[in-house]
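Before any comments, here is the structure.
Atoms within a ligand are numbered from 1 in the order they appear, just like the ligands themselves.
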Amino acid sequence: MKNKIPTRIYLTEDEMPKHWYNLRADMKDKPDPILHPGTLQPVTAEDLAPVFCKGVIDQELDETTRLVPIPSDIQDFYRAYRPSPLIRAYYLEKMLDTPAEIYYKFEGTNTSGSHKLNSAGPQAYYAKEAGLTSLTTETGAGQWGTAMAMACGFYDLKLTVYMVKISSEQKPYRKALMEAYGANLIPSPSNTTEAGKKILEVDPNTGGSLGCAISEAIERAVKTDKCRYVLGSVLNHVLLHQSIIGLETKTALDKYGIKPDIIIGCAGGGSNLGGLISPFMGEKLAGKSNTRFIAVEPASCPSFTRGRFAYDFGDTGKTTPLIKMQTLGSGFIPSANHAGGLRYHGMNSTLSKLYKDGLLEARSEVQTEVFDAALKFMKGEGILPAPESSHAIKAAIDEALECKKTGEKKVILFGLSGTGFFDMTAYTSYNNKTMSDQIPSDADLERGFASIPNIPQNI
Ligand SMILES: *Cc1c(COP(=O)(O)O)cnc(C)c1O
């Protein structure tokens, strides 16, 4: 047993990362710049200043600094719940009878239940540092709102969360948790903003949407003194903060000389996947490894596998700057029966570029099969996975079973982005077989594509 790799590989506090890693700095072909929607010129820090706080704007626009020091205050914040466990899936391997080695990095041990706290902490810190007194944001499934509520509680900032109305009704415990941390929760659409009022006039009984909640949160931030807006995925500064996941994983694996052949993550806006793969992708770009990277998305919202690579808006209200990304169109509305998150129409620009250049693979999975995989995993490993994370589990199991066929002893690493404790409604519908799979038709996708702005795409 002496040389056996431990089931949980730990890092000491000294081994914890002191820098985030900015993958864009090592990309020869960088993602296209974010454009101002009016002038179609690259956005400047000044353009973004009314909405975001300075610290994150600088990070968003910086594509040359490789290693960005993590302020010591944020290192302390991370120490409260990190390192997250890196686990060798011995029990799952045995269950699958595969020669593959499977590892997963579990981000669901903190109270918010997902990796989102890794960026919520820094975003609250930079707001505090800039002398702001409050922040606004939106939340759909509730993980990001909870993470921001925790971070704002820690840094003593006021937080207003616009939570998609239907979601706030379906997930009362998420609401209770955010309020316990001191957040002001407003079901969206609401009559606290012009954007919300407009939508309520047309449809007073609407359950709301993420796009509308974003518009409300931005409007409130812009109109409130010493207040800014924060976003939990998609943007490159979020990817930078999430690189803590990949850096910890790499340090831990390096201690045992383990080199992953395949790295897998679920993808909504791309932040947990991007964070996990960043340092490993950096090695691949430098010609030092031949790792395969796989993004897994729901078949109901397939922005990689069936989307277009185009400049598009980040919100349904078409108020944000334009991002060149894999997109289904900001007007695309995924089927309401899809459980959990991963419902965003677009994808982080860096990951979109890597996909376009053939460095990142992608596949889509239907939710009943994703839950089949989740149940296998939880029986073996004892951890209840979030529905989002279970997309990665599905692909990891498939790759491990492929190894069983070929007899190859590959090393598979995947990101387990969160816990499923707040998603028991989805597990209930899986258990009583009311869960179904909805794959958008080509006509559904065409309706979404029609909302992509008609501008020259090769600027
Ligand atoms: C938000 C969330 C995701 C999707 O967001 P990404 O930015 O793609 O990582 C995935 N898993 C969990 C548990 C989440 O909370």
Side-chain angles (χ1 to χ4, degrees), residues 84 104-120 123 137-150 163-164 167 171 174 177-178 210 230-246 263-278 293-298 300-304 307 314 323 325-327 334 338-352 355 360 362 364-365 367 370 374 377 383-395 414-423 426:
S84 69
Y104 58 98
K105 180 78 165 162
F106 182 39
E107 291 293 322
T109 57
N110 71 81
T111 293
S112 77
S114 83
H115 64 286
K116 294 209 171 64
L117 196 57
N118 302 334
S119 184
Q123 294 201 50
T137 197
E138 77 290 328
T139 198
Q143 287 96 313
W144 171 244
T146 313
M148 267 323 294
M150 288 176 72
M163 184 168 188
V164 178
S167 179
K171 293 191 162 185
R174 277 278 173 206
L177 187 51
M178 284 182 254
L210 206 53
V230 286
L231 185 66
S233 180
V234 187
L235 295 178
N236 283 317
H237 66 268
V238 182
L239 220 73
L240 177 75
H241 304 152
Q242 295 296 354
S243 68
I244 186 85
I245 305 172
I263 307 183
I264 298 166
C266 67
S271 74
N272 88 87
L273 170 70
L276 175 66
I277 69 173
S278 277
F293 301 92
I294 306 174
V296 193
E297 61 186 7
S300 60
C301 192
S303 49
F304 271 126
I323 301 176
M325 59 184 172
Q326 285 293 128
T327 180
H338 171 73
L342 311 182
R343 296 166 56 93
Y344 189 65
H345 67 275
M347 188 53 61
N348 168 267
S349 65
T350 303
L351 295 184
S352 295
Y355 177 70
L360 170 68
S364 70
E365 301 290 355
Q367 65 178 348
V370 164
F377 174 82
I383 293 175
L384 177 77
E388 293 92 335
S389 323
S390 304
H391 289 73
I393 297 175
K394 166 76 169 85
F414 72 89
L416 190 69
S417 53
T419 166
F421 274 125
F422 284 111
D423 298 283

Within-cut-off N or O pair, [X] and ligand 1, under 3.5 Å:
X      : value
His115 : yes
Gly269 : yes
Ser389 : no
Gly232 : no
Gly270 : yes

How far is [atom] from its nearest protein heavy atom, and which residue and atom is that?
atom                    : answer
atom 12 (C) of ligand 1 : Ser417 OG, 3.4 Å
atom 8 (O) of ligand 1  : Gly268 N, 2.7 Å
atom 4 (C) of ligand 1  : Leu342 CD2, 3.5 Å
atom 7 (O) of ligand 1  : Ser233 OG, 2.5 Å
atom 15 (O) of ligand 1 : Lys116 NZ, 2.5 Å

Query - Geometric class of the Tyr104/Phe414 ring pair [parallel <30°, tilted 30-60°, perpendicular >60°] - result: parallel
Report task. Give the contacting part of Gln242 toward ligand 1: side chain, backbone, both or neither, where contact means a heavy-atom distance below 4.0 Å. Result -> neither
Using a 3.5 Å distance criterion without hydrogens, assess whether the side chain of [X] forms a donor-acceptor pair with backbone atoms of [Y].
X      : Y      : result
Ser390 : Val370 : no
Asn348 : Ser352 : no
Thr146 : Ser112 : no

Taking 4.0 angstrom as the limit and counting only heavy atoms of [X], give me the atoms of ligand 1 inside it, by number and element.
X      : value
Gly418 : 13 (C)
Ser114 : 13 (C), 15 (O)
Ala267 : 8 (O)

**Report entry** Residues Glu107, Ser84; criterion side-chain hydrogen bond (donor to acceptor under 3.5 Å, both in side chains); working and verdict
**Finding:** CA-CA 6 Å; Glu107 291 293 322; Ser84 69; 2.8 Å; yes
Requested in this report: Answer with yes or no whether Glu107 contacts ligand 1, where contact means a heavy atom under 4.0 Å from a ligand atom.
Outcome: no
Query raised in the report: Taking atom 10 (C) of ligand 1 as the point of reference, which of Gln143, Glu297, Arg343, Glu388 owns the nearest heavy atom?
Result: Glu388
Requested in this report: Give the intermediate values and the outcome of side-chain contact (heavy atoms from CB on, under 4.5 Å) for residues Val230 and Trp144.
Outcome: CA-CA 10 Å; Val230 286; Trp144 171 244; 4.2 Å; yes
Query raised in the report: Side chains of Ser389 and Ser417: is there a donor and an acceptor less than 3.5 Å apart?
Result: yes
Requested in this report: Would you please say whether a donor-acceptor pair under 3.5 Å links the side chains of Asn272 and Glu388?
Outcome: no
Query - Heavy-atom check, side chain of Cys301 versus side chain of Leu342, under 4.5 Å - result: no
Requested in this report: Taking the side chain as every heavy atom from C-beta outward, state whether Gln123 and Val238 have any atom pair closer than 4.5 Å.
Outcome: yes
